[in-house]
Trainee: 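Supplied in structure tokens, the structure appears directly below.
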Amino acid sequence: MVAGLGAAGATGLVLLLAYWSVFRKLANRSVVALLVASIGIAFVLRAALGVAFGHGQQVFQVPLARPYLFGGLRILPLDLQMALVALVTLIAVFGLLYLTAIGRQMRAVADNRDLARVSGIRPGRVMIALWLLAGAVAGIAGMMLGMKTIVTPEFGWEMLLPAFTAAILGGIGSPVGAVVAGLILGAMQEVSTPFVGFTYKIAIAFVIMLAVLLVRPRGLFGRVEGVR
């Protein structure tokens, strides 16, 4: 619990620093500029972690436990605990977005920044809260992923394509769509593992992304936008 809160807080502060130093100054630039800046920050963070902690492989010290048997399905207690943490985090994020004033302001700024400003919302303050929230969720997700694999400074790069695919499949700007698409994509990747192997299951994400861009570019929950 303490480690999870520490990971959420530390990642939130790192992302807030990235926003203040880089992304706030690129607010009016193109999406390509933001993407390139994100990649650059990722390389800087990876290098900093390598210098601070080395490039050796690290693992979480997780105690061994007997799996639960549900018919022919074996489920580890750690997997159930991680599913519970993910569910609680998801409920907390959606509760913040849809049941609080700052959440409604976040959605307003994401939909139309200028209109939100005219309505009396301060986008700068909202963006600080948004980056802290994104960092906290990323920290919790990184800790959970690290408990299932090996941790290195390069850790997490293989998740970029599935995460981007989930955002496109669910619809850019749709929190519900991102969650539904993430569940669909994760299930498809795991089911395909016996056929394509663990190494190549990430290719499933690439195939799905191409199919969505060709057939339904707005995604499952995306809205059609028109310009006159």
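As the structure is a computational prediction, the values presented were derived from the model and not from experiment.
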Trainee: Do the non-hydrogen side-chain atoms of Trp20 and Ile128 ever get within less than 4.5 Å of each other?
Mentor: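 They are in side-chain contact.
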
Trainee: Check whether any side-chain heavy atom of Arg122 lies under 4.5 Å from a side-chain heavy atom of Gln105, and answer yes or no.
Mentor: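 They are not in side-chain contact.
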
Trainee: What heavy-atom pair brings Val93 and Val137 nearest, and what distance separates the two atoms?
Mentor: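 Closest approach of Val93 to Val137: CG2-CG2, 3.6 Å.
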
Trainee: So, do Leu76 and Tyr68 sit near enough that their side-chain heavy atoms are less than 4.5 Å apart?
Mentor: no

Trainee: Below 4.5 Å, heavy atoms only, C-beta onward: do Met106 and Met127 meet side chain to side chain?
Mentor: no

Trainee: Side-chain heavy atoms nearer than 4.5 Å, only ILVMFWY residues, links allowed to pass through others: does that put Val191 and Ile75 together?
Mentor: no

Trainee: Between Leu45 and Phe53, is there a shared hydrophobic cluster once you connect ILVMFWY residues whose side-chain heavy atoms come closer than 4.5 Å?
Mentor: no

Trainee: Is there a side-chain contact between Gln58 and Ile150 (heavy atoms, below 4.5 Å)?
Mentor: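 The answer is no, as the side chains (C-beta and beyond) never meet within the 4.5 Å cut-off.
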
Trainee: Atom CG of Leu185 and atom OG1 of Thr165: how far apart are they, to the nearest 0.5 Å?
Mentor: 6.0 Å

Trainee: Quick one: closest heavy-atom pair of Val22 and Ala37, and the distance?
Mentor: CG1-CB, 3.9 Å

Trainee: With a 4.5 Å limit on heavy-atom distance, are the side chains of Arg104 and Tyr98 in contact?
Mentor: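 In short, these two side chains do not touch, never coming nearer than 4.5 Å.
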
Trainee: Do the side chains of Ile102 and Leu130 join up, straight or via other hydrophobic residues, at under 4.5 Å, putting them in one cluster?
Mentor: yes

Trainee: Counting C-beta onward and ignoring hydrogens, is there a side-chain heavy-atom pair between Leu15 and Tyr19 closer than 4.5 Å?
Mentor: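 Side-chain contact under 4.5 Å: no.
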
Trainee: How long is the gap from NZ on Lys148 to CE on Met143, to the nearest 0.5 Å?
Mentor: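 It comes to 13.5 Å.
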
Trainee: For Gly139 versus Thr11, what's the shortest heavy-atom pair and its separation?
Mentor: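 Closest heavy-atom pair between Gly139 and Thr11: CA-OG1, 3.4 Å.
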
Trainee: Quick check on the hydrophobic clustering: are Trp131 and Leu26 connected, directly or via other members, by side-chain heavy-atom contacts under 4.5 Å?
Mentor: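 Yes, one cluster joins them.
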
Trainee: Ignoring hydrogens, what is the shortest heavy-atom contact between Ala181 and Gly170? Give both atom names and the distance.
Mentor: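 Nearest pair, atom of Ala181 first, then Gly170: CB-N, 3.4 Å.
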
Trainee: Does the side chain of Leu99 reach to within under 4.5 Å of the side chain of Phe94, using non-hydrogen atoms?
Mentor: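 SC-SC contact between Leu99 and Phe94 ruled out.
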
Trainee: To the nearest 0.5 Å, tell me how far Ile140 CD1 sits from Leu145 CG.
Mentor: 13.5 Å

Trainee: Within this structure, what is the CD1-CD1 distance for the pair Ile208 and Ile184, rounded to the nearest 0.5 Å?
Mentor: 8.5 Å

Trainee: How many angstroms lie between atom OG1 of Thr152 and atom CZ of Arg46, to the nearest 0.5 angstrom?
Mentor: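 If we round to the nearest 0.5 Å, Thr152:OG1 and Arg46:CZ are 9.0 Å apart.
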
Trainee: So does Gln189 get a backbone contact from the side chain of Ser192, meaning a donor-acceptor N/O pair under 3.5 Å?
Mentor: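 At least one qualifying donor-acceptor pair exists.
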
Trainee: Counting only heavy atoms not in Phe60, do more than 12 sit closer than 6.0 Å to its CZ atom?
Mentor: yes

